[in-house]
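Residue numbers start at 1 and run along the sequence shown.
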Amino acid sequence: MMVEIVILAMIAAFLGLRLYSVLGRRAEHEEESIPQRFEPGKDDDRRAAQQPQYAPAAPQRVIEMDGVMPAVERGIREIAQADSRFDLAQFLEGAKGAYEMVLEAFWSGDRETLRELCDDDVYEGFVAAIDAREEAGETLENKLIRIEETRIHSASLDGGRGGRTARIAVLFVADIAAVTYDKDGNVIAGSLDDAIESRDVWTFSRNVASRDPNWLLDETDEG
(Lines give C-alpha, C1' and ligand atoms only; values in the text may rest on other atoms or scores of the structure.)
Protein backbone atom coordinates (compact mmCIF):
# COMPACT_ATOMS: atom_id res chain seq x y z
CA MET A 1 0.00 0.00 0.00
CA MET A 2 2.83 2.34 0.90
CA VAL A 3 4.53 1.55 -2.39
CA GLU A 4 1.45 2.56 -4.40
CA ILE A 5 1.16 5.88 -2.52
CA VAL A 6 4.80 6.69 -3.22
CA ILE A 7 4.39 5.88 -6.93
CA LEU A 8 1.29 8.12 -7.21
CA ALA A 9 3.10 10.98 -5.45
CA MET A 10 6.02 10.71 -7.85
CA ILE A 11 3.67 10.81 -10.87
CA ALA A 12 1.89 13.88 -9.48
CA ALA A 13 5.18 15.65 -8.89
CA PHE A 14 6.35 14.87 -12.43
CA LEU A 15 3.13 16.23 -13.98
CA GLY A 16 3.36 19.35 -11.82
CA LEU A 17 6.90 20.10 -12.99
CA ARG A 18 5.89 19.62 -16.65
CA LEU A 19 2.87 21.92 -16.27
CA TYR A 20 4.95 24.62 -14.54
CA SER A 21 7.59 24.56 -17.23
CA VAL A 22 5.01 25.04 -20.01
CA LEU A 23 3.00 27.75 -18.21
CA GLY A 24 6.12 29.57 -17.12
CA ARG A 25 7.51 29.86 -20.64
CA ARG A 26 4.16 30.98 -22.04
CA ALA A 27 3.84 33.70 -19.40
CA GLU A 28 7.34 34.97 -20.23
CA HIS A 29 6.43 35.16 -23.93
CA GLU A 30 3.18 37.00 -23.19
CA GLU A 31 5.09 39.73 -21.35
CA GLU A 32 7.04 40.55 -24.54
CA SER A 33 5.65 43.50 -26.54
CA ILE A 34 3.94 42.40 -29.75
CA PRO A 35 4.43 44.80 -32.64
CA GLN A 36 1.14 46.27 -33.80
CA ARG A 37 0.29 45.72 -37.43
CA PHE A 38 -0.93 49.31 -38.02
CA GLU A 39 1.72 51.21 -36.07
CA PRO A 40 3.44 53.70 -38.41
CA GLY A 41 7.01 52.80 -39.09
CA LYS A 42 9.70 54.36 -41.22
CA ASP A 43 8.26 52.93 -44.42
CA ASP A 44 4.85 54.31 -43.55
CA ASP A 45 6.35 57.76 -42.83
CA ARG A 46 8.11 57.71 -46.19
CA ARG A 47 4.94 56.72 -48.04
CA ALA A 48 2.98 59.45 -46.24
CA ALA A 49 5.57 62.03 -47.26
CA GLN A 50 5.11 60.99 -50.89
CA GLN A 51 1.33 61.47 -50.81
CA PRO A 52 0.09 64.73 -52.40
CA GLN A 53 -1.12 67.26 -49.86
CA TYR A 54 -4.48 68.85 -50.61
CA ALA A 55 -5.27 72.26 -49.18
CA PRO A 56 -8.80 72.59 -47.79
CA ALA A 57 -11.21 74.03 -50.33
CA ALA A 58 -12.12 77.68 -49.84
CA PRO A 59 -15.69 78.15 -48.64
CA GLN A 60 -18.06 79.08 -51.45
CA ARG A 61 -20.03 82.27 -51.21
CA VAL A 62 -23.68 81.68 -50.44
CA ILE A 63 -26.09 83.66 -52.60
CA GLU A 64 -29.55 83.95 -51.09
CA MET A 65 -32.26 84.20 -53.77
CA ASP A 66 -35.47 83.11 -52.14
CA GLY A 67 -38.57 83.56 -54.23
CA VAL A 68 -36.90 84.52 -57.53
CA MET A 69 -37.73 83.00 -60.88
CA PRO A 70 -35.46 80.15 -62.07
CA ALA A 71 -34.27 82.20 -65.06
CA VAL A 72 -33.25 85.07 -62.76
CA GLU A 73 -31.45 82.72 -60.37
CA ARG A 74 -29.60 81.11 -63.27
CA GLY A 75 -28.49 84.49 -64.59
CA ILE A 76 -27.27 85.65 -61.17
CA ARG A 77 -25.26 82.47 -60.63
CA GLU A 78 -23.66 82.79 -64.08
CA ILE A 79 -22.61 86.35 -63.25
CA ALA A 80 -21.22 85.28 -59.88
CA GLN A 81 -19.17 82.53 -61.53
CA ALA A 82 -17.76 84.93 -64.11
CA ASP A 83 -17.06 87.74 -61.63
CA SER A 84 -15.46 86.65 -58.35
CA ARG A 85 -16.12 90.10 -56.84
CA PHE A 86 -19.86 90.04 -57.44
CA ASP A 87 -22.01 90.16 -54.32
CA LEU A 88 -25.77 90.26 -54.75
CA ALA A 89 -26.56 92.12 -51.53
CA GLN A 90 -23.94 94.78 -52.27
CA PHE A 91 -25.19 95.11 -55.83
CA LEU A 92 -28.76 95.76 -54.68
CA GLU A 93 -27.58 98.37 -52.18
CA GLY A 94 -25.52 100.04 -54.92
CA ALA A 95 -28.43 99.95 -57.36
CA LYS A 96 -30.69 101.54 -54.77
CA GLY A 97 -28.17 104.30 -54.19
CA ALA A 98 -27.75 104.84 -57.94
CA TYR A 99 -31.51 105.11 -58.36
CA GLU A 100 -31.66 107.93 -55.84
CA MET A 101 -28.60 109.73 -57.26
CA VAL A 102 -29.79 109.55 -60.88
CA LEU A 103 -33.25 110.85 -60.00
CA GLU A 104 -31.80 113.76 -58.00
CA ALA A 105 -29.32 114.56 -60.78
CA PHE A 106 -32.02 114.52 -63.45
CA TRP A 107 -34.39 116.68 -61.44
CA SER A 108 -31.69 119.26 -60.70
CA GLY A 109 -30.08 119.13 -64.17
CA ASP A 110 -26.75 117.77 -62.86
CA ARG A 111 -25.25 116.50 -66.12
CA GLU A 112 -21.89 115.65 -64.57
CA THR A 113 -23.35 113.12 -62.14
CA LEU A 114 -25.49 111.62 -64.88
CA ARG A 115 -22.38 111.21 -67.06
CA GLU A 116 -20.70 109.18 -64.30
CA LEU A 117 -23.65 106.87 -63.66
CA CYS A 118 -25.16 106.27 -67.11
CA ASP A 119 -24.00 104.81 -70.40
CA ASP A 120 -24.06 106.95 -73.55
CA ASP A 121 -27.64 106.22 -74.68
CA VAL A 122 -29.28 106.78 -71.30
CA TYR A 123 -27.16 109.86 -70.66
CA GLU A 124 -28.16 111.42 -73.97
CA GLY A 125 -31.83 110.73 -73.23
CA PHE A 126 -31.64 112.44 -69.85
CA VAL A 127 -29.72 115.41 -71.23
CA ALA A 128 -32.23 115.87 -74.06
CA ALA A 129 -35.06 116.01 -71.51
CA ILE A 130 -33.12 118.49 -69.35
CA ASP A 131 -32.35 120.68 -72.35
CA ALA A 132 -36.03 120.75 -73.37
CA ARG A 133 -37.08 121.59 -69.82
CA GLU A 134 -34.56 124.41 -69.52
CA GLU A 135 -35.48 125.79 -72.94
CA ALA A 136 -39.10 125.97 -71.83
CA GLY A 137 -38.06 127.71 -68.61
CA GLU A 138 -39.51 124.93 -66.45
CA THR A 139 -38.08 123.73 -63.17
CA LEU A 140 -38.78 120.70 -61.02
CA GLU A 141 -39.20 120.40 -57.28
CA ASN A 142 -39.40 116.64 -56.86
CA LYS A 143 -38.78 114.60 -53.73
CA LEU A 144 -38.16 110.89 -53.29
CA ILE A 145 -40.24 110.03 -50.22
CA ARG A 146 -39.27 106.37 -49.87
CA ILE A 147 -38.33 103.27 -51.83
CA GLU A 148 -40.90 100.63 -51.01
CA GLU A 149 -39.32 97.72 -52.89
CA THR A 150 -36.10 96.81 -54.67
CA ARG A 151 -36.18 93.50 -56.52
CA ILE A 152 -34.23 91.73 -59.27
CA HIS A 153 -36.38 91.69 -62.40
CA SER A 154 -34.01 89.85 -64.77
CA ALA A 155 -30.34 88.90 -65.06
CA SER A 156 -28.11 87.66 -67.86
CA LEU A 157 -24.51 87.27 -68.91
CA ASP A 158 -23.93 88.12 -72.56
CA GLY A 159 -20.85 87.52 -74.67
CA GLY A 160 -19.47 89.97 -77.17
CA ARG A 161 -16.37 91.38 -78.82
CA GLY A 162 -15.61 93.57 -75.84
CA GLY A 163 -15.91 90.74 -73.36
CA ARG A 164 -18.70 89.26 -71.31
CA THR A 165 -21.25 91.77 -70.10
CA ALA A 166 -23.45 91.24 -67.06
CA ARG A 167 -26.86 92.87 -67.23
CA ILE A 168 -29.21 93.02 -64.25
CA ALA A 169 -32.61 94.70 -64.36
CA VAL A 170 -33.98 95.95 -61.03
CA LEU A 171 -37.57 96.85 -60.23
CA PHE A 172 -37.91 99.91 -58.01
CA VAL A 173 -41.24 100.72 -56.39
CA ALA A 174 -41.05 104.19 -54.87
CA ASP A 175 -43.22 107.04 -53.60
CA ILE A 176 -42.33 110.33 -55.28
CA ALA A 177 -43.77 113.80 -54.79
CA ALA A 178 -43.31 115.90 -57.94
CA VAL A 179 -44.04 119.52 -58.83
CA THR A 180 -43.29 121.34 -62.09
CA TYR A 181 -43.06 125.15 -62.26
CA ASP A 182 -43.18 127.34 -65.35
CA LYS A 183 -40.76 130.19 -66.05
CA ASP A 184 -42.88 132.51 -63.90
CA GLY A 185 -42.85 130.15 -60.90
CA ASN A 186 -46.40 128.97 -61.30
CA VAL A 187 -47.26 125.31 -60.60
CA ILE A 188 -48.22 123.64 -63.83
CA ALA A 189 -48.21 120.01 -62.66
CA GLY A 190 -48.02 117.91 -59.53
CA SER A 191 -48.08 118.61 -55.80
CA LEU A 192 -45.68 118.10 -52.93
CA ASP A 193 -48.60 117.12 -50.71
CA ASP A 194 -49.45 113.98 -52.67
CA ALA A 195 -46.83 111.30 -53.33
CA ILE A 196 -47.42 109.09 -56.34
CA GLU A 197 -46.24 105.49 -56.60
CA SER A 198 -43.63 105.07 -59.31
CA ARG A 199 -42.62 101.67 -60.72
CA ASP A 200 -39.38 101.70 -62.70
CA VAL A 201 -37.30 98.89 -64.18
CA TRP A 202 -33.70 100.03 -64.57
CA THR A 203 -31.06 97.83 -66.15
CA PHE A 204 -27.45 98.07 -65.01
CA SER A 205 -24.52 96.59 -66.93
CA ARG A 206 -20.85 95.88 -66.38
CA ASN A 207 -18.04 94.15 -68.29
CA VAL A 208 -17.05 91.38 -65.87
CA ALA A 209 -13.46 91.44 -67.19
CA SER A 210 -13.05 95.14 -66.38
CA ARG A 211 -11.08 96.31 -63.36
CA ASP A 212 -13.68 99.01 -62.82
CA PRO A 213 -16.16 97.58 -60.28
CA ASN A 214 -18.87 100.15 -61.07
CA TRP A 215 -22.06 99.34 -62.92
CA LEU A 216 -23.64 101.74 -65.41
CA LEU A 217 -27.31 102.41 -66.00
CA ASP A 218 -27.89 101.35 -69.60
CA GLU A 219 -31.70 101.17 -69.87
CA THR A 220 -34.76 102.64 -68.18
CA ASP A 221 -38.33 101.46 -68.46
CA GLU A 222 -41.61 101.62 -66.60
CA GLY A 223 -42.50 98.69 -64.36
Side-chain angles (χ1 to χ4, degrees), residues 57-108 110-130 140 142-178 195-223:
Q60 294 184 349
R61 287 174 295 135
V62 177
I63 301 178
E64 299 292 343
M65 290 181 288
D66 295 336
V68 303
M69 298 294 290
V72 174
E73 180 177 354
R74 184 168 57 252
I76 291 296
R77 295 197 183 278
E78 289 177 355
I79 293 171
Q81 290 176 357
D83 182 2
S84 60
R85 294 177 296 182
F86 177 77
D87 182 275
L88 181 58
Q90 292 181 1
F91 169 81
L92 285 173
E93 283 300 315
K96 187 176 179 180
Y99 181 72
E100 298 178 12
M101 292 177 64
V102 169
L103 287 180
E104 293 290 345
F106 173 68
W107 294 336
S108 64
D110 184 354
R111 295 172 176 80
E112 184 177 353
T113 298
L114 292 172
R115 176 70 281 179
E116 294 176 355
L117 299 174
C118 306
D119 75 349
D120 293 341
D121 292 339
V122 174
Y123 172 74
E124 291 173 1
F126 280 135
V127 170
I130 293 172
L140 302 179
N142 296 0
K143 185 177 181 180
L144 177 62
I145 306 301
R146 70 181 64 86
I147 298 178
E148 299 284 356
E149 182 181 357
T150 304
R151 177 164 51 87
I152 300 295
H153 185 266
S154 65
S156 64
L157 182 65
D158 305 323
R161 293 181 180 179
R164 307 185 74 185
T165 301
R167 303 183 79 249
I168 302 178
V170 182
L171 169 65
F172 297 98
V173 180
D175 293 332
I176 297 175
I196 299 175
E197 181 182 271
S198 176
R199 300 176 65 89
D200 298 305
V201 177
W202 286 13
T203 302
F204 299 89
S205 66
R206 177 180 175 272
N207 186 333
V208 296
S210 172
R211 294 184 177 181
D212 185 355
N214 295 318
W215 294 68
L216 291 178
L217 176 62
D218 75 355
E219 186 177 341
T220 62
D221 201 354
E222 295 182 356

Enter the distance from [X]:[atom1] to [Y]:[atom2] here, rounded to the nearest 0.5 Å.
X: Leu114; Y: Glu104; atom1: CG; atom2: CD; answer: 11.0 Å
X: Glu78; Y: Glu73; atom1: CD; atom2: CD; answer: 11.0 Å
X: Asp110; Y: Glu116; atom1: CG; atom2: CD; answer: 8.5 Å
X: Asn214; Y: Phe204; atom1: CG; atom2: CZ; answer: 12.0 Å
X: Leu117; Y: Tyr123; atom1: CG; atom2: OH; answer: 11.5 Å
X: Arg111; Y: Cys118; atom1: CZ; atom2: SG; answer: 13.0 Å

- Task: Could you pull out the closest heavy-atom pair between Trp202 and Ala98, with the gap in Å?
- Result: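 Scanning both residues completely, I find the closest heavy atoms to be CZ3-O, 4.3 Å.
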
- Item | Closest heavy-atom pair and its distance - Val72, Ser154 |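 Heavy-atom minimum between the residues: CG2-CA, 4.0 Å.
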
- Item | Pair Ser198-Asp200, side-chain donor/acceptor within less than 3.5 Å |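 Yes, Asp200 and Ser198 have a side-chain donor paired with an acceptor closer than 3.5 Å.
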
- Report yes or no: do Ser210 and Asn207 form a side-chain donor-acceptor pair below 3.5 Å? no

- Query: With sequence neighbours excluded, what pairs up with Glu222 under the salt bridge (charged side-chain N to carboxylate O under 4.0 Å, His left out) test?
  - Reply: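 Partners of Glu222 by the salt bridge (charged side-chain N to carboxylate O under 4.0 Å, His left out) criterion come out as none, since no residue qualifies.
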
- May I have the step-by-step check of side chain to side chain contact (heavy atoms under 4.5 Å, CB included) for Tyr99 and Thr150, ending in yes or no? CA-CA 10 Å; Tyr99 181 72; Thr150 304; over 6 Å; no

Taking the side chain as C-beta and beyond, is there a heavy-atom pair between [X] and [Y] under 4.5 Å?
X: Val208; Y: Gln81; result: no
X: Phe126; Y: Leu217; result: yes
X: Leu88; Y: Ile79; result: no

Quick one: side chains of residues 166-178, donor-acceptor pairs under 3.5 Å with protein atoms, not counting sequence neighbours, listed by atom name and distance.
| from | atom 1 | to | atom 2 | distance (Å) |
| --- | --- | --- | --- | --- |
| Arg167 | NE | Asp218 | OD2 | 3.3 |
| Arg167 | NH2 | Asp218 | OD1 | 3.4 |
| Arg167 | NH2 | Asp218 | OD2 | 3.4 |
| Arg167 | NH2 | Glu219 | OE1 | 3.3 |
| Asp175 | OD2 | Arg146 | NH1 | 2.9 |

- Does CD belonging to Glu112 count more than 12 external heavy atoms closer than 6.0 Å?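 Not more than 12 within 6.0 Å, no.
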
- Query: Around atom CD1 of Ile196, are there more than 12 heavy atoms of other residues, nucleotides or ligands at under 6.0 Å?
  - Reply: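 Not buried by this count: 12 neighbours or fewer within 6.0 Å.
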
- Query: For Glu124, does its backbone N or O pair with a side-chain atom of Asp121 as donor and acceptor, under 3.5 Å?
  - Reply: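 Flag not set: sc Asp121 to bb Glu124 has no pair under 3.5 Å.
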
- Task: Begin from the C-alpha positions of Ile152 and Leu92 and carry the test side chain to side chain contact (heavy atoms under 4.5 Å, CB included) through to its verdict.
- Result: CA-CA 8 Å; Ile152 300 295; Leu92 285 173; 3.5 Å; yes

- Message: Set out, in order, the CA-CA distance, both residues' side-chain angles and the distance that settles salt bridge (Lys or Arg N to Asp or Glu O under 4.0 Å) for Asp212 and Arg206, then state yes or no.
- Response: CA-CA 9 Å; Asp212 185 355; Arg206 177 180 175 272; over 6 Å; no

- Can Glu100 and Lys96 be counted as an ion pair, charged N to O under 4.0 angstrom? no

- Message: Going by the rule ring-ring contact (aromatic ring centres under 6.0 Å, His included), which residues pair with Trp215 if we only count those two or more places apart in sequence or in a different chain?
- Response: Phe91

